[in-house]
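Counting convention: from 1, in listed order, for ligands and their atoms alike.
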Amino acid sequence: MQEHGQNWEDVKSSLIQARSKDIPYEKVLSSMCTYPHPVAVEAYKMFIESNMGDYGLFMGTYELEKNVLAMLGDLLHNSRPYGYLTTGGTESNIQAVRAMRNSCKSIKDPNIIVPASAHFSFDKIADILQIDVRKARVLSDLAVDTKHVLSLIDKNTVGLVGIAGSTEFGQVDPISKLSKIAMDNSIFLHVDAAFGGFVLPFISGHPSFDFSLPGVTSIAIDPHKMGMSTIPSGALLFREEKMMDSLRVDTPYLTISSQCTLTGTRSGASVAGTYAVMRYLGKEGYRQIVDRCMKLTHLLLEQVKKIGVNPVIDPVMNIVALSISEPKKIRKELATQFGWQVSITKHPSSIRLVVMPHMTEENIIAFVQDLKTVLNS
Ligand code: PLP
């Protein structure tokens, strides 16, 4: 850090220079984030200094948080959810597993069972919480094999995890079967709907994945993904207050006497952004967004099939994985020749495309044209 401050014009020009190196979302098919809705941005700016880590000072923002939880509860079939707004899916998953572990203090060597397709946040969880994270295999449709889940349960199992919208393939695990297994074995069931939580409720005939299933004890859902909110915006919802309470620590020097959150200082601006966009769009607005993304997903599918490329699974939501040999090489060529950002999956190896609201019909067609060029070169 330099001794003397710089003038704002110079600082700003270095910001502009840095910004010009960021990739605009229009060329990004690899991200689960997108441009936040303008209403979320406007609200975010209004609450920029609000700190939910000491919400006694920001009771207005706290009311907005309660309101967001109620709206999310309504979306996920729970009229009285307990929880809070997190920094995203990783924090929500950590806290959900921490609550399972803390609620079973008598188990000295606890384990949880997650699908092999679970997000890498569960590897962080194994490390941070020092809990055995057992991975259940997936079937050919890339949803978890519930028979294998069952076989991994033992007396030290505190809970299961199901995914409603897997990171790589957008697959939904059979949550209703997991719910039954969890109930039969008196263990918790966390649903990672970080991505799918703002997609599935707006697709007609979607599989059940939320609190309507009696075994589901917590859900992660991310407003900063398909919820069109500002980063960082995640949410963790519990069915029962006692799970939330299991996370509580005393906070002697704050205006509030305890915290259940993982982070201390917390963005009230994100709370306001999420509140605003959810109120502004309503279910109808989200339905239109999801509808458009799904139409673009089907257009993408139709176009790639015309050039002889097939999906790994029929897309359940707006994520498509393409069966292509040498995906790493193709990914590199798409980026260097045409500036497209795509990602690759591990098992099975493929090119992964997330069709977020920033995508357009023209860009989908242009992408497939460029993919064809790369595949033929
Ligand atoms: N869970 C799922 C299913 C995800 O797809 C992701 C991110 O891609 C996460 C959790 C982690 O979310 P975040 O990056 O917001 O922490």
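With sequence neighbours excluded, the residues forming a side chain to side chain contact (heavy atoms under 4.5 Å, CB included) with Glu42 are Lys45, listed by chain and number. Checked against side chain to side chain contact (heavy atoms under 4.5 Å, CB included), Ala164 has the following partners two or more places apart in sequence or in another chain: Val172, Val191, Ala193, Leu200, Phe209.
Protein residues having at least one heavy atom under 4.0 Å from any atom of ligand 1 are Met32, Gly88, Gly89, Thr90, Asn93, His119, Gly165, Thr167, Asp192, Ala194, Asp222, His224, Lys225, listed by chain and number.
With Asn78 contributing its side chain and Arg80 its backbone, the two residues share a donor-acceptor pair below 3.5 Å.
By the 4.5 Å side-chain criterion applied to Ile, Leu, Val, Met, Phe, Trp and Tyr, Leu57 is assigned to a cluster that also includes Phe58.
Across Gln95, Glu91, Met244, a single residue satisfies side chain to side chain contact (heavy atoms under 4.5 Å, CB included) together with Leu236, and that is Gln95.
In the model, Arg352 has a side-chain atom that pairs as donor or acceptor with a side-chain atom of Ser343 under 3.5 Å.
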